[in-house]
Peer 1: 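Got a structure for you, written out below as structure tokens; questions coming shortly.
If you read the sequence from its start, that first residue is 1, and numbering goes on from there.
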Amino acid sequence: MRTSTYEIILPLTDGAGKEIEGRVLLVNGLYGAMDVVSGEEAEKFKAGDFAGLPMALRERLMLRGHITRKDEAGEMSDLALLSRVYRLLFGRRDIALVIMPTYDCNFRCPYCFEQHRLKRGQSWLDSTMSEEVMETVFAGLEDYKKRGYILRDCTFYGGEPFLKKNLPVARKIAEHCKALDIGIDAITNGYELDTYLDFLEEYKVDHLQVTLDGVAEVNDRRRVHKEGLPTYDRILANVELALSRGTKVSLRVNVGKENLHGIGALIDDLKARGLLEKDEKRAAFKYYFKAATDDVHPEKNISDWEVFEELLKYGFTAEEAIDLQSSCSGLADNLRSLLKKKEYPSFNPGYCGSEYGMLVVDPFGKVYACWDAVGKDEDMVGIADPETGRFLWDFTKCKWRTRTTDLMEACRLCPYAFICRGGCASRAKNAYGDYFREFCGDIKETFAFITSRCAGIQWLETQEDELTLSLAGPLSRLTEAERETLMKSRSHKEIFAIVQEIGLCMEEKKDFSK
């Protein structure tokens, strides 16, 4: 017997961040098991003195995957099996469309990762998606739908998708979405959003992401209008108009060194405008902070932790700051859900939609897997081809779809394989010049902080030492024949039947017969 290769050992902390004396948290990154043990038991566990553990505890830790008789290859085969099941049943069934009506934008933000598009000239920027390209894109989506894929929402993206001059093009795209019953959301700078208010209502646009970087003085220096016009007040006025039309808005605040200490002033202004008060007459509004990545001026970058600390200085509790900081909030939400023990831990091996079904289509019908790659012809994965009326793919698409932790050499034996999931491909490209490298970032520090706290709060409330379900249980119920089927079969129906039989999948109503 040995300690699992995927084991993470963390302190247990309370809501104030103080360590809970005499208690340690064991986390298995492969099976998702989280268990609380005493400090003495943790020392024996780390030393491999399993015989020194109480028999009931030793049995529990073996059943949940912390202690194993499998060698590294055996555990890695479990990683491969879980990853394949996820890809075939869940990761490959969804298609998420991101559509760019134009590359043009009325802003010239200094940290924009699409700076390269400005070198193409104004004529290229002014180009908008033709009806011919639109029809090809949506014919391709209709074909996916007929083959059993699920079409998720269409996200308008740019450049700036909601330029006043783009409204006719946006309407045509929205009509295509309506015909296929695809919902609409958008990422917009919000400056000309007042032109789109009827559009928001008519096409039932569910959600907008709008960016501000501080109060007027700071924002207008970072969110720069190409004609030098002020942007802050107009953006917020348009946000309020969108909310009044029933469209939810998330305000994203990109934070760097020059606006870090302006976080508090922005929050105060949002409060003064009444945006943070609940109002039944308008749609939901929320805001969050993200450490910006300025590839041109990396000396201006800060860490997510600096943002977190600034939120604490403002007066937020740690839990409130976690929910306002983008790198922490998603992880915390997932953990809180797992601690309810109503679902198994995730075994998703891919970092984001770029490894699965996201299609980012530019105005010319060029398709990218990642929206950070748009406008770079060398990073295309295919085209929407009007001549054939369908999508044509190249080998690069296959590379993106295999950028998963079970297939990345550096990630296969990492305890964070199903936590980090290889990290952001775009950040890997910036750091190493290669989308298909791993990017760890500060996931270990973030995971330790969030998990120690969330698990500690849960343990103090319940005194239960088994905090989550474990994937080790369902896997132990597989026969060798079933394992072989899961690793070789291409039949979704056959795979789903086995997964459902061992109790791993609760989604009984899904149709995997196609």
Peer 1: Do Asn430 and Phe439 come close enough that some side-chain heavy atom pair is under 4.5 Å?
Peer 2: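 Side-chain contact under 4.5 Å: no.
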Peer 1: Listed by chain and number, what are the side chain to side chain contact (heavy atoms under 4.5 Å, CB included) partners of Leu392, not counting sequence neighbours?
Peer 2: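 With neighbours one apart ignored, the set is Ile383, Asp385, Thr388, Arg390.
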Peer 1: Quick one: does Arg84's side chain have a donor or acceptor within less than 3.5 Å of a partner on Leu486's backbone?
Peer 2: yes
Peer 1: Without swapping roles, check the side chain of Thr247 against the backbone of Val205 for a donor-acceptor pair under 3.5 Å.
Peer 2: yes
Peer 1: Test of understanding: with side-chain hydrogen bond (donor to acceptor under 3.5 Å, both in side chains), list the residues that count as partners of Asp49, not counting sequence neighbours.
Peer 2: none
Peer 1: Quick one: side-chain hydrogen bond (donor to acceptor under 3.5 Å, both in side chains) partners of Asn259, sequence neighbours excluded?
Peer 2: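 With neighbours one apart ignored, the set is empty.
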Peer 1: Between Leu469 and Glu343, is any pair of side-chain heavy atoms under 4.5 Å apart?
Peer 2: no
Peer 1: Tell me, which pairs form a salt bridge (charged side-chain N to carboxylate O under 4.0 Å, His left out) where one or both residues lie in residues 400-421, sequence neighbours left out?
Peer 2: Arg87-Asp406, Glu355-Arg403, Glu409-Arg412
Peer 1: Can you say whether the rings of Tyr144 and Phe391 are parallel (under 30°), tilted (30 to 60°) or perpendicular (over 60°)?
Peer 2: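 The rings of Tyr144 and Phe391 sit tilted, inter-plane angle from 30° to 60°.
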Peer 1: Taking C-beta and beyond as the side chain, do Ile9 and Leu26 meet within less than 4.5 Å on heavy atoms?
Peer 2: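 Touching, per the 4.5 Å side-chain cut-off.
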Peer 1: Where do Asp153 and His207 land on the side-chain contact (heavy atoms from CB on, under 4.5 Å) test, with the steps shown first?
Peer 2: CA-CA 10 Å; Asp153 290 352; His207 175 262; over 6 Å; no
Peer 1: Provide the closest heavy-atom pair for Pro474 versus Ile502 in the form atom of the first, atom of the second, distance.
Peer 2: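 Answer, listing the atom of Pro474 first, then Ile502: O-CD1, 3.6 Å.
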Peer 1: Run Arg336 and Asp333 through salt bridge (charged side-chain N to carboxylate O under 4.0 Å, His left out) and show every step you take.
Peer 2: CA-CA 5 Å; Arg336 290 166 187 153; Asp333 288 343; 3.4 Å; yes
Peer 1: Are the side chains of Ser4 and Asn28 in touch, meaning some heavy atoms are under 4.5 Å apart?
Peer 2: yes
Peer 1: Give, for atom CG of Asn348 and atom CD1 of Ile419, the distance between the pair rounded to the nearest 0.5 Å.
Peer 2: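 It is 12.5 Å, given to the nearest 0.5 Å.
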Peer 1: With rounding to the nearest 0.5 angstrom, report the SG to CE distance, Cys370 to Met358.
Peer 2: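 If we round to the nearest 0.5 Å, Cys370:SG and Met358:CE are 5.5 Å apart.
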Peer 1: When rounded to the nearest 0.5 angstrom, what distance separates CD in Glu277 from CZ in Arg282?
Peer 2: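 Going from the CD atom of Glu277 to the CZ atom of Arg282 covers 7.5 Å.
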Peer 1: Should Leu413 and Met76 count as side-chain neighbours, where that means a heavy-atom distance under 4.5 Å?
Peer 2: yes
Peer 1: Roughly how far, to the nearest 0.5 Å, is CG of Leu338 from OG1 of Thr468?
Peer 2: 6.5 Å
Peer 1: Taking NZ in Lys376 as the centre, count heavy atoms belonging to other residues, nucleotides or ligands within less than 6.0 Å. Is the count above 12?
Peer 2: yes
Peer 1: Does Leu79 reach the side chain of Phe418, with side-chain heavy atoms less than 4.5 Å apart?
Peer 2: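 Yes, close enough: below the 4.5 Å cut-off.
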Peer 1: May I have all residue pairs that pass side-chain hydrogen bond (donor to acceptor under 3.5 Å, both in side chains) and include part of residues 34-43, sequence neighbours excluded?
Peer 2: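 As it turns out, the side-chain hydrogen bond (donor to acceptor under 3.5 Å, both in side chains) pairs with a partner in residues 34-43, which skip direct neighbours, are Asp35-Arg60, Asp35-Arg64, Asp35-His66, Ser38-Glu41, Glu43-Lys46.
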Peer 1: Parallel, tilted or perpendicular: which one describes the rings of Phe436 and Trp400, with boundaries at 30° and 60°?
Peer 2: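 Plane angle over 60°, so perpendicular.
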Peer 1: Is the backbone of Ile187 close enough, under 3.5 Å, to the side chain of Thr155 for a donor and an acceptor to pair up by distance?
Peer 2: no
Peer 1: What is the minimum heavy-atom distance between Val360 and Trp371, and which atoms define it?
Peer 2: CG2-N, 3.9 Å
Peer 1: Name the orientation class of the two ring planes belonging to Tyr356 and Tyr86 (parallel below 30°, tilted from 30 to 60°, perpendicular beyond 60°).
Peer 2: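 If you compare the ring of Tyr356 with that of Tyr86, the planes turn out tilted.
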Peer 1: For Lys341, does the NZ atom have more than 12 heavy-atom neighbours from other residues, nucleotides or ligands under 6.0 Å away?
Peer 2: yes
Peer 1: From Leu81 CG over to Ser77 OG, what is the distance, rounded to the nearest 0.5 angstrom?
Peer 2: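 The OG atom of Ser77 is 7.5 Å from CG of Leu81, to the nearest 0.5 Å.
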Peer 1: Tell me which one of Leu260, Val307, Asp304, Leu251 satisfies side chain to side chain contact (heavy atoms under 4.5 Å, CB included) with Phe289.
Peer 2: Val307
Peer 1: Shortest non-hydrogen contact from Ala321 to Phe308?
Peer 2: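 Distance-wise, the nearest heavy atoms are CB-CE1, 3.5 Å.
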Peer 1: Run Tyr344 and Leu504 through side-chain contact (heavy atoms from CB on, under 4.5 Å) and show every step you take.
Peer 2: CA-CA 7 Å; Tyr344 281 107; Leu504 183 57; 4.1 Å; yes
Peer 1: Would Tyr314 and Asp268 satisfy side-chain hydrogen bond (donor to acceptor under 3.5 Å, both in side chains), going step by step from the backbone distance to the final call?
Peer 2: CA-CA 10 Å; Tyr314 178 80; Asp268 289 342; 2.6 Å; yes
Peer 1: So, do Val37 and Phe45 sit near enough that their side-chain heavy atoms are less than 4.5 Å apart?
Peer 2: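 Side-chain contact under 4.5 Å: no.
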Peer 1: Tell me whether Lys70 is salt-bridged to Asp78, with the criterion being a basic N under 4.0 Å from an acidic carboxylate O.
Peer 2: yes
Peer 1: Kindly state each residue pair satisfying side-chain hydrogen bond (donor to acceptor under 3.5 Å, both in side chains) with at least one member in residues 437-463, sequence neighbours excluded.
Peer 2: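 Residue pairs with at least one partner in residues 437-463: Trp459-Asp465.
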Peer 1: Ignoring hydrogens and angles, state whether a donor on the side chain of Ser329 or Asp323 is under 3.5 Å from an acceptor on the partner side chain.
Peer 2: no
Peer 1: For a quick test of reading the model, state the closest non-hydrogen atom pair linking Ile182 to Leu141 and the distance between them.
Peer 2: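 Closest pair (atom of Ile182, atom of Leu141, distance): CD1-CD1, 4.2 Å.
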Peer 1: Working to the nearest 0.5 Å, report the span between NZ of Lys429 and SG of Cys424.
Peer 2: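 These two atoms lie 12.5 Å from each other.
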Peer 1: Write down the atom of Pro415, the atom of Ile8, and the distance for their closest heavy-atom approach.
Peer 2: CB-CG1, 3.6 Å
Peer 1: Under 3.5 Å, side chain of Arg93 to main-chain N/O of Ile150, donor-acceptor pair present?
Peer 2: no
Peer 1: Is there a side-chain contact (heavy atoms from CB on, under 4.5 Å) between Ile95 and Leu97 once you walk through the steps?
Peer 2: CA-CA 6 Å; Ile95 299 295; Leu97 175 66; 5.5 Å; no
Peer 1: What are the two closest heavy atoms between Arg490 and Leu88, and how far apart are they?
Peer 2: NH1-CD2, 3.8 Å
Peer 1: If you count heavy atoms of other groups shown closer than 6.0 angstrom to CD of Glu501, is the number above 12?
Peer 2: no
Peer 1: Say whether, by atom type as modelled, one donor and one acceptor occur between the side chain of Glu75 and the main chain of Thr5 under 3.5 angstrom.
Peer 2: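 Checking the backbone N and O of Thr5 against the side chain of Glu75, a donor-acceptor pair under 3.5 Å is found.
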Peer 1: Heavy-atom count check: over 12 atoms from other residues, nucleotides or ligands less than 6.0 Å from Glu280 CD?
Peer 2: no
Peer 1: Does Tyr6 form a side-chain contact (heavy atoms from CB on, under 4.5 Å) with Tyr416? I'd like the steps, not just the answer.
Peer 2: CA-CA 7 Å; Tyr6 297 88; Tyr416 298 85; over 6 Å; no
Peer 1: Between Ser476 (side chain) and Gly473 (backbone), is there a donor-acceptor pair under 3.5 Å?
Peer 2: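 Side chain of Ser476 to backbone of Gly473: a pair is present.
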Peer 1: Any non-hydrogen side-chain atom of Met1 less than 4.5 Å from a side-chain atom of Arg58?
Peer 2: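 A side-chain contact exists here, since the closest heavy-atom pair is under 4.5 Å.
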